[in-house]
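Protein chains get the first letters and strands the later ones, always in sequence-line order, with residue 1 at the start of each. No hydrogens, no waters, no symmetry mates; every other heavy atom, side chains included, goes into these values.
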Amino acid sequence: MHWADVIAKDILEKDKHPIIATGISPTGVIHVGSLREAITGEAVRSAIKDLGGDVRLIYLIDSVDPLRKRYPFLPEEYEDYVGMPIFRIPCPCGKHDNYAHHFVQPFLDALDSLKVNCEIIWTHDLYAQGKFAPMIDLALRKRSQVIEILKEVTGRDLKDDFAPYNPLCENCGRFAQPLHESYEYPHIGYHCTCGHTGTADITKMEGKLVWRLEWPAKWKMFGTSVEPFGKDHAAAGGSYDSGKRIVEEIFDGKAPYPVPYEFVQLKGIGQMHKSTGSPVTGLDAINMTPPEVLNYLFLRVNPQRAIDYDSGMGILDLADEYDRMERLHFEGECTECEENSVRAYCIAQHNALSEEVPQQVPYRHLVNVVQMTDCFEGVMEILGRTENLEDLTKEETLKLRKRVECVKYWLDRFAPEQVKFSVSDGVGPESLSSEEKKYLALVSDALDSVEWESDSISNVVVETAKEAGISTKKGFQTIYKALIGRTSGPRLGTFLADMDRENVLERFRSVSP
RNA sequence: GGGCCUGUAGCUCAGCUAGGUAGAGCGAUCGACUCUUAAUCGAUCGGCCAAGGGUUCGAAUCCCUUCAGGCCCGCCA
């Protein structure tokens, strides 16, 4: 059984209306691992839905987290914003509401294209609405008990002035030290390092719980039943351990069913020439992996398994595997071994499987076609020469368009040289021997009348080589030279069949006068 | 110091909470009228299931130990 189904079954036995929570702290550039969290949550949601459960997936954006330091990618003036909550810091590019919005937006776009079915919730709104107030109140009143728990769980010594809640200084906008003895619901005094002394209202957006308290507070607030989180939280004495005790002993709530997941590593840009490679960012992964395939990548293995994201040829294998699972699903026949992968394919569709086998265009083929034209219409035209695209649905067209974009992005930045070519790189007559020219002339004549289709083209190429008294290998190489200026390339039969016959013949004749 | 995860075919992984003759894909090799390879179809090769011990009629699967690798935690979210 697929892991998401196992979790779904467990959850439904305990909870008829489960809430799945997940989230992100957009303090900086987003990592692919954050995607895994969202996709894992969505997978569990889909699986529960599949079992008939009434389920919600909420996505919490931790917009009140402080900027910890000025990251290298930030301009110098951001030094001034260190320590301030990120929803109050201006957007670096000026196009978004604030800093948090700036960094989370590409990610929200990704969630959209991945079809993650969730409700977006901003933490600063929750504070502003007073949703945290009951928990803040409890944390302040039972502060000594909180300290005791944290001491026991983490095994660290905690000072008596430990603050579970930090008021936001109204003067400098940074988090300040609360004056616990002054607390009287809903007000708490504070003293800030900037010299200001003031009072914060815990029912308003005037302060923040520290992470170890905020997390369990969210569990209580939403009644979270299941939550995926990175393994960093799962370590012994980590925030899940302490959160579990705090939600039970302080907030009178329950900890969610934990789904710890491993991190995603990024593999270099291929085994051969990795020296020049720039590292792959989360955004790169989103841009070069078709959304359904990215879903599949995370769903095919258990969450606790580490994933190496391969930005080289591996991406082609992955897309092909996805397509194969699609076929297996519709054929209804698969071995026990493939069962989980086929199920992963289904979950990647979020219960929105089409009725019939979608039209498939092999991903590797797309890699070639994309390089033969410069626009989507061109891709459609080329594909139309060898495949019937008339029945393509709107959705299939969208999916194809997205795949073309991904292939382009990949070719531009990560594809190994070996798969790249350009039809404008064909060599001129001066670079060809008389033997080669003679061959091209013969081939042009033979191709003139042959059926314009992969197999027959291949046959002509081979037979003509024999006639010309050169090896077949030499024949192929000559044609590649004339077309793309290399000695190897895409499988020639299909490659030529993809192109327009007249253009091919014209090219051959122009270099073999 | 503490904890988690992983170790099954060259590679990526299924199988392990129903213990009963080792699986898939990719790769490789070979073949498909003498057809390059990054296509397709077919076939073949390929594993003492990390090591050792235990439970069992029987263990990749359960228990213990060891080894190897990866990652995380010490108040940062």
pair A:Phe508-A:Tyr439: side-chain heavy atoms closer than 4.5 Å: no
Regarding A:Val419, tell me which of base, sugar-phosphate or nothing describes its non-hydrogen contacts under 4.0 Å with the strands shown. base
Touch class at under 4.0 angstrom, heavy-atom based, for A:Leu492 against every strand present: base
Take A:Ile484 and A:Phe495, measure what side chain to side chain contact (heavy atoms under 4.5 Å, CB included) needs, and give me the verdict at the end. CA-CA 11 Å; A:Ile484 57 175; A:Phe495 187 39; 4.1 Å; yes
Choose from [options] the nucleotide whose nearest atom is closest to any side-chain atom of [X].
{"X": "A:Asn368", "options": "B:A14, B:A38, B:A77", "result": "B:A38"}
{"X": "A:Gln304", "options": "B:A14, B:C35, B:C5", "result": "B:C5"}
{"X": "A:Val301", "options": "B:G25, B:C35, B:A14", "result": "B:A14"}
{"X": "A:Phe476", "options": "B:A38, B:G25, B:C35", "result": "B:C35"}

Roughly how far apart, to the nearest Å, are [N] and [M] at atom [atom1]?
{"N": "B:C63", "M": "B:C71", "atom1": "P", "answer": "27 Å"}
{"N": "B:A60", "M": "B:A22", "atom1": "C1'", "answer": "8 Å"}
{"N": "B:G47", "M": "B:G74", "atom1": "P", "answer": "45 Å"}
{"N": "B:U61", "M": "B:G23", "atom1": "C1'", "answer": "14 Å"}
{"N": "B:U17", "M": "B:G7", "atom1": "P", "answer": "14 Å"}

Does A:Arg174 use its side chain to pair, donor to acceptor, with the backbone of A:Val82 at less than 3.5 Å? yes
So, do A:His329 and A:Tyr345 have ring centers that fall under 6.0 Å from each other? yes
Treating a pair as Watson-Crick (purine N1 to pyrimidine N3 plus N6-O4 or O6-N4) or G-U wobble (N1-O2 and O6-N3) with both distances under 3.5 Å, list the stems of 3 or more consecutive pairs that involve RNA chain B. B:1-7 with B:67-73, B:10-13 with B:23-26, B:28-32 with B:40-44, B:50-54 with B:62-66
Here the distance between atom P of B:A38 and atom CD1 of A:Ile484, to the nearest Å, is 13 Å
Mapping A:Pro362 and A:Arg300 to their closest nucleotides on RNA chain B, which lands nearer the 5' end? A:Arg300
Can you give me the N/O atom pairs linking the protein to nucleotides 70-74 of chain B at distances under 3.5 Å, or say none if there are none?
from	atom 1	to	atom 2	distance (Å)
B:G70	N2	A:Lys231	NZ	3.0
B:C71	O2'	A:Lys231	NZ	3.1
B:C71	O2	A:Lys231	NZ	3.0
B:C72	O2'	A:Asp232	O	3.3
B:G74	O2'	A:Arg156	NE	2.5
B:G74	O2'	A:Arg156	NH1	3.4
B:G74	O2'	A:Arg156	NH2	3.2

